[in-house]
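Since the model is a prediction, treat every value here as computed from it, not as a measurement. Residue numbers begin at 1 in each chain, while the letters A, B, ... track the order of the sequences.
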Protein chains: 2
Amino acid sequence: MSTKWVYLYSEVEEAEKHAGSWEGVRSLLGGKGANLADMSRIGVPVPPGFTVTTEACNAYSAGGHEFPEGLWDQELAALKALEEQTGKKFGDTERPLLVSCRSGAKFSMPGMMDTVLNIGLNDAVAEGMVKLTGDPRFVYDSYRRLVQMFGSVVMGVDDDLFEEVLADARDNADVKTDAELNAEQWKEVTQQFQQIFKQETEIDFPQDPVEQIKLATQAVFNSWDAKRAYDYRNAAGIPHDLGTGVNMVTMVFGNMGDNSGTGVAFTRDPSTGENILYGDYLMNAQGEDVVAGIRNTEHISKLKEDMPDVYQEFVDICNKLEGHYHEMQDMEFTIEQGKLWMLQTRDGKRTAKSAIKVAVDMANEGLISKEQAVLRVAPEQVDTLLHPQFDIEAKNTASGEGNRLTKAVNASPGAAVGMVVFDADLAKEWADEGKDVIMVRPFTRPDDVHGMLAARGILTSEGGATSHAAVVARQFGVPCVVGASDIKIDQKNRQFTASNGIVIKEGEYISVDGGTGEAFVGKIPAVTPEFGKEVDLITLLSWADEFRKLEVWTNADYPDDAKRALDFGAQGIGLTRTEHMFFEEERLPIVQQMILAKDEADREQYLNQLLPFQRSDFEGIFTAMDGLPVTIRLIDPPLHEFLEGLEEVLEAKTDRTDDEEDKLHTIHSMHESNPMMGLRGVRLSVMMPGIVKMQVGAIMQAACNVKKNGVNPKPKIMIPLVGHVNELKVIQPQLESIAKTVMEEKGVEVYYQFGTMIEIPRAALTADKVAEVAEFFSFGTNDLTQFCFGYSRDDVEGSFIPKYIEDEILPVSPFQSLDQNGVGELMKIAIAKGKSSRPDLEVGLCGEHGGDPSSVAFCHKIGQDYVSCSPFRVPIARLAAAQVALEEKGVSAKGR
Amino acid sequence: MSTKWVYLYSEVEEAEKHAGSWEGVRSLLGGKGANLADMSRIGVPVPPGFTVTTEACNAYSAGGHEFPEGLWDQELAALKALEEQTGKKFGDTERPLLVSCRSGAKFSMPGMMDTVLNIGLNDAVAEGMVKLTGDPRFVYDSYRRLVQMFGSVVMGVDDDLFEEVLADARDNADVKTDAELNAEQWKEVTQQFQQIFKQETEIDFPQDPVEQIKLATQAVFNSWDAKRAYDYRNAAGIPHDLGTGVNMVTMVFGNMGDNSGTGVAFTRDPSTGENILYGDYLMNAQGEDVVAGIRNTEHISKLKEDMPDVYQEFVDICNKLEGHYHEMQDMEFTIEQGKLWMLQTRDGKRTAKSAIKVAVDMANEGLISKEQAVLRVAPEQVDTLLHPQFDIEAKNTASGEGNRLTKAVNASPGAAVGMVVFDADLAKEWADEGKDVIMVRPFTRPDDVHGMLAARGILTSEGGATSHAAVVARQFGVPCVVGASDIKIDQKNRQFTASNGIVIKEGEYISVDGGTGEAFVGKIPAVTPEFGKEVDLITLLSWADEFRKLEVWTNADYPDDAKRALDFGAQGIGLTRTEHMFFEEERLPIVQQMILAKDEADREQYLNQLLPFQRSDFEGIFTAMDGLPVTIRLIDPPLHEFLEGLEEVLEAKTDRTDDEEDKLHTIHSMHESNPMMGLRGVRLSVMMPGIVKMQVGAIMQAACNVKKNGVNPKPKIMIPLVGHVNELKVIQPQLESIAKTVMEEKGVEVYYQFGTMIEIPRAALTADKVAEVAEFFSFGTNDLTQFCFGYSRDDVEGSFIPKYIEDEILPVSPFQSLDQNGVGELMKIAIAKGKSSRPDLEVGLCGEHGGDPSSVAFCHKIGQDYVSCSPFRVPIARLAAAQVALEEKGVSAKGR
């Protein structure tokens with residue numbers, strides 16, 4: 001039997017038998033042809049048509065651009081069948097059959113041949129149609145389109161030649177748009193187009209519809225091999241041997257009188273997700289008219305009045321399609337003289353809000369399972385729902401007017417509007433006065449945090465996605481754009497200049513979009529969602545919680561932080577950074593005195609002053625997290641960070657006392673060539689154990705105190721930057737003895753653990769040894785990535801990383817999404833070795849990656865117990881964790 | 001049968017049967033007792049004696065400090081046996097038997113009980129001995145010693161009480177030394193000692209020799225449990241359950257007339273290794289007299305004249321002992337009335353030179369195998385032979401006079417004497433004038449290299465063992481001390497001040513000992529060895545080459561360097577640092593212009609100027625290494641390093657032109673927070689490919705040129721700091737195409753390879769991917785260590801690492817000796833993964849560790865092909881590589 005190259009829509013079963021599966025049909029016929037055939041199969045009215053297979057395309061390419069044997073005969077037979085199915089005939093002036101021709105590969109692919117409509121028209125048919133429709137303007141507009149598209153798309157004539165004719169026609173008629181040209185003028189244009197056609201192709205425009213179809217088929221095949229299609233496939237990683245299908249579909253017309261019409265609709269509201277039909281239509285119009293906006297479209301619900309039967313049929317079709325595809329559909333339809341035809345259906349694009357509501361509703365309606373609902377929402381969509389968003393139109397207007405100040409790194413999502421301030425103190429001051437402020441700085445430092453928290457948004461000209469500003473902003477959900485190197489901050493004159501020359505002075509309003517990395521002049525209206533009111537999201541996340549195995553904890557430094565994270569569903573605290581507490585205004589001077597102390601006795605005195613502060617911090621957090629684990633990281637950053645402000649002050653002084661001179665000398669001597677690899681973390685504790693001893697005392701006192709008040713504290717004390725088990729062997733016993741002493745003094749027993757961060761490659765590589773002492777592991781993937789790659793987080797953005805991403809050396813910044821091959825390998829080694837010596841070892845992660853969906857999935861796969869992320873990313877991580885668990889079980893988001 | 005607690009020397013066979021092996025005998029009897037028994041067994045005259053076993057000691061401890069059952073009876077029986085063997089009797093006034101008592105554990109152990117001599121003396125025996133010897137002075141000196149040692153050591157009397165009596169006695173006699181006291185005075189002292197004994201112990205000094213022996217035995221046992229012994233064992237890692245033996249040996253006297261004498265001797269010269277007896281003796285003297293230096297000792301050869309028969313017997317014994325132990329021996333002997341007694345033998349300590357000569361000679365003599373000879377010399381001993389050494393006595397004198405300026409980090413071994421200079425240019429200038437100079441700097445930079453090479457030695461006040469100064473100094477074998485933070489350099493006044501206040505001005509002489517990390521005022525005489533003249537070393541290394549599997553390559557940047565390394569036995573170049581070439585005076589300004597070029601065309605121009613320089617460098621190296629691999633690392637350091645000098649100059653200028661202002665701005669913008677993790681290595685090549693393209697052009701042109709001259713070049717081009725295979729995928733093809741183009745242009749085919757350094761943890765973890773592109777691996781363990789630990793090499797010495805070593809968190813700096821558990825694990829992973837995708841992958845190492853013996857051994861064990869080290873460490877690596885191969889084969893250095 002010779003190969004079957006052509007399938008009528010009515011032959012879809014045969015196609016499926018040949019291809020072996022529905023996926024196979026999509027490969028054989030291409031996505032577009034397969035879907036039309038599929039609708040036809042389930043009884044949805046689709047204009048008769050057929051598809052030339054992708055196999056035919058491949059055979060054509062392989063055979064030196066000749067039709068393979070049997071193809072043309074089969075296509076002719078299919079044309080015959082169309083004539084029979086429609087009762088129309090190609091070239092017939094009374095009942096002419098017209099078709100559209102479209103390419104259709106398995107994947108949607110720009111660069112392939114576009115649509116050619118109205119194939120079948122010729123001079124005679126046109127005249128016949130004028131009689132049939134009584135609308136010569138429509139007929140000649142259609143005909144000139146065929147000649148133009150056929151000429152440019154099929155025959156490769158330069159489209160500018162046709163456009164010049166159109167321009168002349170408009171000039172001659174003294175009108176501004178094509179829509180204003182009349183029938184006679186279109187007829188004239190059609191004739192001129194035919195002349196151009198002949199002149200350029202050296203053949204007459206083919207009057208034989210069958211010839212038109214043959215040429216169009218070839219043109220689609222050739223477009224598969226065209227350079228731009230080839231380049232696109234290379235870039236998108238699509239194999240070159242898929243081939244494209246060719247779809248020939250009977251033309252139907254919505255402009256054949258008042259019982260005709262055309263429209264587009266969604267089965268549900270793509271903006272809100274509500275389960276109501278959503279769309280527009282126009283009576284007696286073509287699809288283009290709906291888009292062109294010349295006439296006001298009607299809302300789909302109006303069709304119920306215009307054509308009640310057709311409306312009911314349409315509603316039934318919508319239900320059928322949702323029932324068939326188990327997904328919201330985006331459809332095109334045409335009504336030709338009272339008869340409804342569906343021209344396309346596909347899964348509808350939607351907003352985040354809609355995606356969530358549709359998924360939850362469909363599960364509640366029984367259309368899909370809860371598991372599928374959970375798989376249907378992209379984790380990043382959840383993120384957009386948790387932050388203020390600019391009104392899209394207002395933003396478009398603003399950016400359209402050249403008021404965009406920068407497009408830089410989108411460090412923390414959300415919309416923010418406020419007055420520009422250039423330092424943290426003023427930010428705090430103005431915010432306290434009730435003003436909305438945007439803090440604009442070259443970069444931020446820990447002692448800027450009070451201003452950052454007071455600000456509505458943050459904009460920096462330096463730093464990257466993991467800079468101090470970015471990390472703090474995400475932590476607290478403050479919209480933030482960083483690395484805006486095209487703005488020049490003039491701190492002295494309290495203003496900045498954008499690259500387009502706009503100058504913004506302190507106190508002037510700007511709007512910052514942390515989700516897109518943009519900033520704009522002036523105030524753009526924004527809306528703020530409330531998590532508690534997002535009932536669909538809350539439902540979806542509760543389902544997610546049923547399916548996930550990975551726990552989701554949070555990074556929180558303050559009780560308020562902890563409470564918010566609890567609302568978002570956090571199951572514990574995976575990281576409390578004790579040093580943020582050190583930077584508070586009241587405490588920083590004590591911290592500085594402590595660091596610069598002349599001897600241990602002197603230092604002790606300042607540590608004793610700090611202890612009550614830390615104790616009360618911890619009491620608050622333990623109380624907020626009653627019964628849940630609270631992981632507290634002992635002091636981590638280089639001490640020098642606490643002294644930067646003081647250093648500046650002292651350096652600026654011209655009349656330094658001897659004591660000040662000494663202090664400045666000490667501060668200078670603490671500078672390091674590579675501070676990231678220097679004296680910090682546990683190294684600090686080995687050199688100066690007083691600080692961590694004070695911290696553990698404060699933690700345990702707090703735990704004992706709250707326990708007396710009926711709270712159940714679960715402190716997990718975490719020692720950072722361990723590279724060698726001996727560091728723990730030196731420090732941990734000293735701290736454990738303090739813990740025991742405190743409990744004895746207080747007469748209270750508290751369950752506590754000592755663990756370590758795994759953030760130095762060596763700790764991962766020797767995790768069996770480390771786990772002999774550490775009772776839990778928490779991956780610090782920021783540092784682990786830094787050391788595994790040898791990339792400095794402090795220097796990333798100004799450096800080679802952007803170029804690496806641009807050149808595709810790196811798929812994405814490894815600080816943003818876990819590098820699973822390299823850093824991930826270290827994590828796997830650490831877990832395997834750690835559990836070899838401590839089988840019940842608890843393993844978590846508390847870096848920026850804890851809120852990145854693909855990183856969360858990886859953590860699940862390698863057997864971690866939890867991830868910890870900033871409060872605002874907790875919902876995202878919950879969803880991502882559920883999705884990976886469901887995918888592992890083989891649950892598919894599609895079908896049912 | 002009851003346990004045997006006591007073994008006579010004559011019962012050594014029985015002991016060996018009981019213990020199962022000679023090692024077991026050493027455990028049972030302790031090292032001292034075992035060796036005496038062993039000598040006795042092979043017929044060497046040893047005074048009769050016996051050993052109470054370590055098992056008895058343990059039973060004593062376990063049994064509440066009571067003698068175990070049977071012990072005392074066995075000891076009494078052994079005493080009887082001694083009386084029979086010697087024909088003397090305890091307590092007999094005519095033929096008195098005296099013994100010494102010594103502790104003896106398996107390992108030599110300070111803190112254990114010392115010797116008690118002359119046990120068996122009492123008032124009556126003393127009088128008898130006076131008659132026998134006619135030497136009352138000797139007898140009462142001996143007796144008072146017994147009372148003193150017995151009192152202090154056995155009974156725990158405060159030794160100061162005895163010493164006060166001695167002081168009084170000297171005062172009364174109006175003499176300065178004990179040696180001047182006469183017989184009567186010693187007798188008086190003995191009586192006073194007995195009074196003190198009674199007063200402190202509340203018993204009379206025991207007159208019964210058997211009682212003395214019982215108390216002495218107990219005292220030895222008790223000393224095993226004493227706190228200081230316990231602490232020592234803890235510190236040294238010696239188990240507490242070994243116990244100590246108790247040795248009772250018949251006393252022999254070398255002061256019993258002119259046919260008596262005593263001495264110490266080595267079987268070979270411990271200083272030169274010559275195979276001649278080496279030692280001193282004194283006739284009619286005690287061992288103490290030899291040491292005290294009151295009388296001039298005679299060289300051992302003189303004994304041949306004094307007592308030819310005894311001398312011959314001694315020579316025969318020496319030969320027998322060497323034949324038995326297969327090792328040079330260090331012996332003590334006494335001649336008592338014409339009869340030779342050997343009192344001790346042990347392996348002799350020796351200088352490096354001697355160790356080598358003895359090993360080679362013994363192998364040639366057939367006493368040991370060549371394999372054993374290779375195992376007998378510590379690799380570090382080889383090192384000392386290759387560098388100038390100070391005359392030991394002269395150095396001791398110098399340091400004794402308080403002229404030591406510092407004791408800091410011993411960065412590069414060797415002795416150097418010269419005039420102090422404070423900058424590189426002056427160092428070069430003075431050196432060119434023929435002066436010896438020592439360059440003294442806070443630290444050094446690449447553009448100081450010309451001065452460093454001209455200097456005899458280097459002293460820096462900052463930096464550590466891997467600082468620039470240290471690395472360069474080792475590379476070129478220049479003695480160097482770094483991190484001398486106790487000296488204050490006053491660059492302005494051209495002088496420095498040591499912590500003891502000594503001020504050294506420019507031009508004054510100092511002496512630097514790079515092996516010990518010291519510097520001294522003035523000139524200390526030194527000697528310089530020549531490798532070519534060290535025939536024994538050359539022989540030993542040639543044997544080592546027969547046994548080793550690991551190849552030893554060298555790090556060399558210049559042809560002279562390469563030639564020297566070839567002399568030292570290098571089999572290839574594992575690292576040529578191309579950037580050193582950039583720092584040469586003539587080139588640096590071009591390099592700086594190139595870096596600061598405004599655009600690519602501008603840069604091209606300077607690169608074209610640099611190319612001929614680089615080409616001629618490579619021609620020289622290829623020619624020197626004819627037929628051997630030459631691994632050339634493409635540019636590695638941050639570009640900023642080349643600009644530091646220029647930056648200073650520009651900053652100092654007050655009237656900068658616009659161009660200069662621009663340049664300075666560019667230089668400033670290149671600063672990074674953590675340059676070690678910044679823009680360097682392959683990252684630089686991705687950002688600015690022109691430089692490496694020029695370098696590869698130069699390499700290949702050079703290779704083609706020398707090949708035309710009959711040289712066989714083997715370039716291996718090494719791309720540094722790769723972390724992701726995509727870096728290689730971007731850069732390597734560009735460079736390969738240059739290589740091919742050059743070969744086509746020159747019409748010459750050269751075998752070349754492209755490979756990479758494995759110095760980023762991620763490269764090791766993803767080595768399977770990296771090896772798909774890289775044709776060879778070379779571990780850059782300096783950086784790999786840095787990133788694996790997260791320690792900055794630049795900051796190490798001033799930071800926490802010294803404290804970590806002090807606290808034993810780290811056994812040694814990981815930059816000095818490979819961290820086998822952590823960094824080594826990465827290396828193992830890299831080799832396994834690399835070979836999984838490229839089975840014939842060549843793997844080497846080219847860091848500082850390549851010259852560290854234990855690191856070399858590790859490289860052998862994990863299956864590397866070669867290590868590469870600085871030329872001066874090549875011999876060390878050759879020896880270390882042979883030793884690990886032999887140890888793997890189970891060859892033992894001891895016995896034969």
Side-chain angles (χ1 to χ4, degrees), chain A residues 669 671-684 686-687 721 723-727 729-731 759-766 769 783-796 798-801 803-804 807-811 814 819 821-826 829 833, chain B residues 669 671-684 686-687 721 723-727 729-731 759-766 769 783-796 798-801 803-804 807-811 814 819 821-826 829 833:
Chain A
S669 73
H671 281 282
E672 294 172 304
S673 311
N674 297 285
M676 273 292 182
M677 301 198 274
L679 185 62
R680 60 192 195 97
V682 69
R683 301 166 190 177
L684 209 54
V686 171
M687 298 299 280
L721 216 74
H724 197 297
V725 65
N726 287 348
E727 294 172 313
K729 284 185 178 167
V730 164
I731 289 298
E759 51 188 341
I760 294 284
R762 196 182 184 283
L765 293 161
T766 61
K769 299 285 170 204
D783 269 323
L784 197 59
T785 298
Q786 175 163 259
F787 296 124
C788 184
F789 275 87
Y791 293 168
S792 161
R793 275 198 290 149
D794 292 340
D795 300 310
V796 158
S799 177
F800 54 91
I801 308 252
K803 168 84 171 158
Y804 267 33
D807 288 2
E808 293 180 355
I809 291 173
L810 297 174
D819 163 54
N821 292 330
V823 180
E825 186 68 23
L826 275 180
I829 291 170
K833 287 199 171 186
Chain B
S669 73
H671 280 282
E672 295 173 305
S673 310
N674 297 284
M676 273 292 183
M677 301 198 275
L679 184 61
R680 60 192 194 97
V682 69
R683 302 166 189 177
L684 207 55
V686 171
M687 299 299 279
L721 216 74
H724 197 298
V725 65
N726 287 348
E727 295 172 312
K729 284 185 177 165
V730 163
I731 289 298
E759 50 188 342
I760 295 284
R762 196 181 184 283
L765 292 161
T766 61
K769 299 285 171 206
D783 269 322
L784 197 60
T785 298
Q786 176 164 256
F787 296 125
C788 185
F789 274 88
Y791 292 169
S792 161
R793 275 197 289 149
D794 291 341
D795 301 310
V796 157
S799 176
F800 53 90
I801 307 250
K803 168 86 171 158
Y804 268 33
D807 288 2
E808 293 179 356
I809 291 174
L810 296 173
D819 163 53
N821 292 332
V823 180
E825 186 67 22
L826 275 180
I829 291 170
K833 288 200 171 187

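- At most 12 non-hydrogen atoms from other residues, nucleotides or ligands lie less than 6.0 angstrom from NZ of B:Lys769.
- A donor-acceptor pair under 3.5 Å is absent between the side-chain atoms of B:Asn674 and the main chain of A:Ser792, judged by distance alone.
- Remark: B:Asp783 engages B:Arg680, B:Gln786 in a side chain to side chain donor-acceptor pair (under 3.5 Å) (not counting sequence neighbours).
- The part of A:Ile829 that comes within reach of chain B is its side chain, from C-beta onward, which places non-hydrogen atoms under 4.5 angstrom from that chain.
- Remark: A:Leu810 engages A:Phe789, A:Tyr791, A:Ile801, A:Tyr804, A:Ile805, A:Pro814, B:His724 in a side chain to side chain contact (heavy atoms under 4.5 Å, CB included) (not counting sequence neighbours).
- Residues A:Asn726 and B:Ile809 share a closest heavy-atom pair of ND2-O, 2.9 Å.
- Taken to the nearest 0.5 Å, the NZ atom of A:Lys803 stands 15.5 Å off from the CZ atom of B:Arg683.
- Between chain B and the residues A:Val730, A:Asn821, A:Asp819, the largest count of heavy-atom pairs under 4.5 Å involves A:Asp819.
- The minimum heavy-atom distance between B:Phe787 and A:Gly790, with the atom names listed, is CE2-CA, 3.8 Å.
- Contact of B:Ser673 with chain A is made through backbone and side chain together, with heavy-atom distances under 4.5 Å.
- Most heavy-atom pairs under 4.5 Å with chain A: of the set B:Pro675, B:Gly681, B:Gly678, this distinction falls to B:Pro675.
- Closest approach of A:Cys788 and B:Leu765 over heavy atoms only: SG-CD1, 3.7 Å.
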